[in-house]
Number of protein chains: 2
Amino acid sequence: MLGLHGRKPAQVIVEPVAKLMIKLKVTPNQLTLVSAGLTVGVALLLIPTGHLIWAAVLTGLFAAFDMIDGTVARMQGGGTKFGATLDATCDRITDGALFGAITWWLVYSYDAPQALVAASLVCLVASQVISYVKARGEASGFTMDGGLVERPERLIVSLVGLGLTGMGVPYAIDVALWALAAGSIYTVVQRLVMAGKSPLAKEFTKAPAGAKADYSNTK
Amino acid sequence: MLGLHGRKPAQVIVEPVAKLMIKLKVTPNQLTLVSAGLTVGVALLLIPTGHLIWAAVLTGLFAAFDMIDGTVARMQGGGTKFGATLDATCDRITDGALFGAITWWLVYSYDAPQALVAASLVCLVASQVISYVKARGEASGFTMDGGLVERPERLIVSLVGLGLTGMGVPYAIDVALWALAAGSIYTVVQRLVMAGKSPLAKEFTKAPAGAKADYSNTK
């Protein structure tokens with residue numbers, strides 16, 4: 001949802017920073033890698049060590065920073081296909097680091113009930129699968145825009161849950177993870193239904209590399 | 001690697017079963033969902049409870065069973081684009097369940113050193129990202145075939161590690177996970193390089209839905 005509607009209001013902040021980056025001759029792909037590296041570093045260092053408020057604030061900041069690379073590219077005529085693939089892949093890596101670190105903290109610091117650890121692992125896997133269905137559907141030519149829980153929602157709910165927990169609000173991370181686990185499973189199904197409803201859904205696809213394609217003489 | 005070369009030898013077993021499924025009027029998508037459900041069920045039930053040999057054997061069986069849906073589809077004229085998207089998504093879910101269950105078992109049963117738990121989480125995330133880079137690259141029109149650690153290798157190494165551990169072979173799962181973690185990180189980079197070398201890499205891509213595309217009047 002926010003992926004579709006949240007970018008416009010963010011432009012107020014993002015565009016001036018993008019212009020500065022252009023002046024400093026920083027390329028979009030360099031921005032992608034730096035913001036991903038910072039986000040992963042913050043998640044892996046601050047969450048397992050219990051610095052949850054700082055982790056929430058900095059991860060949120062670097063995730064917002066992640067919008068700048070695309071804006072820089074479009075200000076210079078447009079983003080490249082490789083740049084978009086690199087940016088999307090880095091988003092998957094940072095999502096994995098965030099929920100991996102949260103799972104780690106639940107086990108080794110929060111001494112969480114096993115059910116909550118399971119919910120966190122569901123968030124970790126489902127966050128990857130939600131994005132995978134979109135990419136795999138688009139590789140088949142489907143239009144796969146939108147979904148209940150996309151990356152912006154995922155980051156906001158998890159980081160607010162982390163931050164509130166850091167401030168001592170009881171069960172904040174528990175509620176956040178259960179809500180995300182349920183919402184993420186819903187979104188996986190939502191996107192598969194989206195793919196199934198595509199006008200191209202029933203079109204034939206080529207056999208995967210290495211697979212036998214022609215069975216016309218098979219009885 | 002095996003994804004490209006392993007399918008041909010497997011046809012000897014897969015094709016007769018596929019013909020049987022056609023006789024029983026089982027559709028490819030039903031096969032996809034059933035084999036995914038069985039694989040997830042086996043992973044989540046047997047691994048956390050320490051039934052590692054059974055988990056390895058049955059997961060391997062159901063994963064091989066997963067080749068049948070595509071063969072049934074091609075025997076009936078060809079697979080559909082939605083069927084391919086559903087099948088690939090179910091592969092991500094079963095990969096997530098497998099490495100989620102292994103991580104769980106490491107923490108709550110094997111009392112693994114934290115570094116090994118970290119390696120298992122790396123396998124979990126990297127296995128998703130390896131497939132994501134391929135799908136995202138193909139959505140941009142790149143050819144993204146092959147890679148050091150694809151799904152067949154991932155399953156074989158992890159299931160052999162599990163099975164040997166179940167037989168009492170010391171450090172079998174440790175070696176398997178460390179090898180997979182290193183090989184999977186290499187494969188993520190390998191596939192990003194593959195995307196970067198694509199002849200379409202530098203082509204412009206459309207702005208993501210909701211993002212401002214035209215900055216031609218921006219100074």
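Note on naming: letters A, B, ... go to the chains in the order of the sequence lines (proteins, then strands), and numbering restarts at 1 for each one.
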Cut-off 4.5 Å, heavy atoms of chain A, and the answer for B:Leu124 is side chain
Whatever's closer than 4.5 Å to a heavy atom in chain A on B:Leu121 counts as side chain
Taking the side chain from A:Thr89 and the backbone from B:Val133, do they hold a donor-acceptor pair closer than 3.5 Å?
no
Taking every non-hydrogen pair under 4.5 Å, which of B:Asp95, B:Asn29, B:Thr80 racks up the most with chain A?
B:Thr80
State whether the side chain of A:Ser184 and the backbone N or O of A:Ala181 hold a donor-acceptor pair below 3.5 Å, judged by distance alone.
no
More than 12 heavy atoms from other groups under 6.0 Å of OH on B:Tyr186:
no
Contact winner vs chain A - B:Ser198, B:Gly196, B:Gly100, heavy-atom pairs under 4.5 Å
B:Gly196
Mutual orientation of the aromatic rings belonging to A:Trp104 and A:Tyr108 [parallel < 30°, tilted 30-60°, perpendicular > 60°]
tilted
Does B:Lys134 pair with B:Glu138 as a salt bridge, N-O distance under 4.0 Å?
yes
Residue selection (most heavy-atom pairs with chain A, distance under 4.5 Å) from B:Val125, B:Thr103, B:Leu44
B:Val125
What's the shortest heavy-atom distance between A:Met194 and A:Gly146, and which atoms?
CE-O, 3.9 Å
I'd like to know if B:Asp66 and B:Arg151 make a salt bridge, using a cut-off of under 4.0 Å between side-chain N and carboxylate O.
yes
Heavy-atom distances under 4.5 Å only: say whether A:Ser131 touches chain B with side chain, backbone, both or neither.
both
Side chain, backbone, both or neither: which part of B:Ala118 has a non-hydrogen atom closer than 4.5 Å to chain A?
both
Under 4.5 Å from any heavy atom of chain A - which part of B:Val117
both
Where does B:Phe99 contact chain A at under 4.5 Å (heavy atoms): side chain, backbone, both or neither?
neither
Determine the option with the most heavy-atom pairs under 4.5 angstrom with chain A, choosing from B:Ala126, B:Gly77, B:Gly83, B:Gly141.
B:Gly77
